[in-house]
Amino acid sequence: MSHDDKIIAGSAKHPIVVLEKGGLYKYGTAGFRMKADLLEGVTYRVGLLASLRSRKLNSQAIGVMITASHNPAIDNGVKIVDPQGDMLEQEWERHATSLVNAASDEELAKIYNTLAVDLKIDLAVPAKVVYGRDTRPSGHKLVTALAAALDATETEAVDFKILTTPQLHYLVRATNSEGTPLSYGEVSEAGYYKKLAEAFVRCLRNRKIEGSLVVDCANGVGGPKLTEFLKYIPKDDVSFDVKVVNDDILRPEVLNLDSGADFVKTKQRAPPSPKPVPGVRSCSFDGDADRLIYYWVDPDAGFVMLDGDRISSLAASFIGDLVESAGLRDDLRIGVVQTAYANGASTNYIRQHLKLPVICTPTGVKHLHHVAQGFDIGVYFEANGHGTVLFSPDAVTAFKKSEPQSPAQKDALDTLAALADLINQTVGDALSDMLMVEVILAHKGWTLRDWSMTYSDLPNRLVRVEVENKDVFRTTDAERRLSHPEGCQAEIDAEVKKFKDARSFARASGTENAMRVYAEAATRSEANELAERVAGVVRRWGV
Ligand SMILES: CC(=O)N[C@H]1[C@@H](OP(=O)(O)O)O[C@H](CO)[C@@H](O)[C@@H]1O
Ligand SMILES: [Mg+2]
């Protein structure tokens, strides 16, 4: 069979579902994500694109992850990971979109070949794709479709089976750096655990983690993976008392149900089950373990949450101090990257108290990641708990090569070098971020209450507004203002002016068919009122 015949035959076995009303599939913030029964053909086509991308990039391995993160169990999704473990280059998102929307099997083969010609891809060179999936039952079928595409394009395929999203990102980078001086770690799931456990021990030398930690895993893939990781911690070196809860992956219907980082952040309360024990340090992962939120139930104050903004400022403060102690303050540029959803109090705290620059980018971690790469140490988190800290090669060299002049300086350099191994450099990783937080709290001797006292969040409100046509809204200034429809922003400004210390913005969601309105003000009731007023403006213009 010819190349084209193979692609066409495979596509016929894994057909695309034509969307109603001429709707198109779109490679969005999180790849293609929707009801799983629409995804078989999509996944086949994504496999074709991954093979093209590998061939374009000198046969480096490309990753494909099958997950719908915090969405309900009936959904699924598929996204592509680039060779260094970061997200698919933006330019290629439209190639994914055009390939997936091919009207017929023959048309698909045609677009595939056109892409190869236009992008100057040699279809004769080897290609390699590594892939994994979360615990959703629909993952089986989607993996079969993906494997068929890799088979049809004669692509070397490595199935890593069930993984967290950040583990797959790790494995892509490890695969491509294997045997080089920049080796990212062993190319196996065990290699990931070993790397983290070893760095965790180094970070904690002469420090002790106080109390126990309850980790809610949203009944997703993070549960079994965290349990597995814990076996790698040498008990003689570190005592880490972790209780893993909501780790039932055998009943798909409970995935992300009343649990997980997204539930905690949006509902602003602890998962109802297991019943929260007052005072106990707790955190939640999301369904694919790339988001992390900390919290505890205070006997007096009630539920207190430490979200992505808090993790970001904690990391920036700790790493900033270490860099100072290491004598590297003048050599390394540290910066923090946030989105417009970051609480204004966190931005002020980082700028004024930590004296670090803060850059605001559009929503979506790919934007934050890219900007964070511009610093020697770039801290980025979305308020929802997705983020990481990136260290440049120069920074890592400085940690390893600087000659310490004192034991304190040596300690700071060693801790920084260990943190660069502990923190996942490819993507936000709930497990790795959680270990980082535990290390920082141990070093500072802090409880969650101490951490929460660093600044007070401004009261805020996030509302979802359904409008007839969200496409009329276009943003500027990192999504903080609307350029279109003309006149709408002036009305929002007029509403904001009526409140003290207030801020509000509206933008179209990239993952849902709705607008989002965010408002901050001096009091809770004012934040609520401002959000409602701006939502009213958006409703009037969204027709
Ligand atoms: C306000 C908010 O939390 N928005 C989320 C959400 O994007 P929207 O474009 O707002 O739907 O999903 C994205 C992907 O998970 C995540 O990156 C982002 O932070
Ligand atoms: Mg996720």
Side-chain angles (χ1 to χ4, degrees), residues 29-31 46 49-50 53-54 56-67 69 77-93 96 127-134 157-160 163-196 199 221-222 225 288-292 337 364-375 377-382 386-393 395-396 419-433 435-436:
T29 326
V46 166
L49 191 83
R53 182 118 183 105
S54 171
K56 171 73 190 174
L57 299 177
N58 303 321
S59 306
Q60 291 185 90
I62 294 295
V64 175
M65 182 69 199
I66 295 175
T67 176
S69 183
V78 53
K79 59 183 168 191
I80 298 181
V81 178
D82 263 356
Q84 286 304 302
D86 35 17
M87 313 241 178
L88 176 66
E89 184 188 290
Q90 228 153 315
E91 185 60 16
W92 273 61
E93 291 182 3
K128 182 168 183 174
V129 170
V130 306
Y131 57 93
R133 61 183 173 92
D134 71 14
V158 186
D159 180 2
F160 280 104
L163 293 174
T164 71
T165 296
Q167 284 181 323
L168 191 266
H169 286 253
Y170 164 93
L171 287 163
V172 172
R173 179 134 162 194
T175 301
N176 289 315
S177 58
E178 195 180 18
T180 75
L182 290 175
S183 165
Y184 195 58
E186 262 177 46
V187 188
S188 64
E189 196 182 323
Y192 168 90
Y193 299 127
K194 280 188 217 163
K195 177 172 180 174
L196 261 56
V221 62
K225 302 305 179 188
D288 63 338
D290 59 5
R291 287 195 197 178
L292 174 72
V337 189
V365 279
K366 64 184 170 204
H367 300 293
L368 290 100
H369 188 93
H370 185 72
V371 172
Q373 283 174 324
F375 291 100
I377 302 177
V379 180
Y380 77 83
F381 277 85
E382 288 194 311
H386 191 179
T388 190
V389 183
L390 299 180
F391 297 91
S392 71
V396 176
L419 279 173
D421 286 331
L422 182 70
I423 303 172
N424 194 323
Q425 295 297 290
T426 64
V427 78
D429 180 338
L431 174 49
S432 155
D433 289 339
L435 299 174
M436 171 187 80

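Small disclaimer: the values here were computed from a predicted structure and weren't measured.
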Nearest 0.5 Å, please: how far is [atom2] in [Y] from [atom1] in [X]?
X    : Y    : atom1 : atom2 : answer
I66  : L168 : CD1   : CG    : 9.5 Å
T67  : L163 : OG1   : CG    : 10.5 Å
R173 : D86  : CZ    : CG    : 7.5 Å
E89  : L57  : CD    : CG    : 8.0 Å
I80  : L49  : CD1   : CG    : 4.5 Å
N424 : L435 : CG    : CG    : 11.0 Å

Going through the distances and angles, do Y131 and V158 end up as a side-chain contact (heavy atoms from CB on, under 4.5 Å)? CA-CA 6 Å; Y131 57 93; V158 186; over 6 Å; no
Between the side chain of [X] and the main-chain N/O of [Y], is any donor-acceptor distance below 3.5 Å?
X    : Y    : answer
N176 : P83  : yes
Q373 : F391 : no
S177 : T180 : no
S432 : L422 : yes
T175 : L171 : yes
S54  : K128 : yes
Q90  : L88  : no
D290 : P166 : no
T29  : G364 : no
D429 : L431 : yes

Before you tell me yes or no, could you show the steps for R133 and V221 under side-chain contact (heavy atoms from CB on, under 4.5 Å), namely the whole-Å CA-CA distance, both residues' side-chain angles and the distance that decides it to 0.1 Å? CA-CA 9 Å; R133 61 183 173 92; V221 62; over 6 Å; no
Taking all non-hydrogen atoms of both residues into account, name the closest pair between [X] and [Y] and its distance.
X    : Y    : result
F160 : V130 : CE1-CB, 3.9 Å
A174 : G185 : CB-O, 3.5 Å
A61  : V172 : O-CG1, 3.8 Å
A372 : L390 : CB-CD1, 4.0 Å

With a 4.0 Å cut-off, would you call R291 and E382 a salt bridge?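 Here R291 does not pair with E382 in a salt bridge, since their nearest N and O are not under 4.0 Å apart.
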Is a salt bridge present between E93 and K366, judged by a nitrogen-to-oxygen distance below 4.0 Å?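 Looking at E93 and K366, the cut-off is met.
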Heavy atoms, side chains only, cut-off 4.5 Å: are V64 and V78 in contact? yes
Pairwise side-chain contact, K225 with Y192, heavy-atom cut-off 4.5 Å (strictly under):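 Contact flag for K225/Y192 side chains = no.
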Assign the ring pair Y184 / Y170 to parallel, tilted or perpendicular, where the plane angle (0 to 90°) is split at 30° and 60°. tilted
Begin from the C-alpha positions of I377 and V389 and carry the test side-chain contact (heavy atoms from CB on, under 4.5 Å) through to its verdict. CA-CA 7 Å; I377 302 177; V389 183; 3.8 Å; yes
For residues Y193 and E186, is any side-chain donor paired with an opposing acceptor at under 3.5 Å? no
Run the numbers on R53 and D82 for salt bridge (charged side-chain N to carboxylate O under 4.0 Å, His left out), then give the verdict. CA-CA 8 Å; R53 182 118 183 105; D82 263 356; 2.7 Å; yes
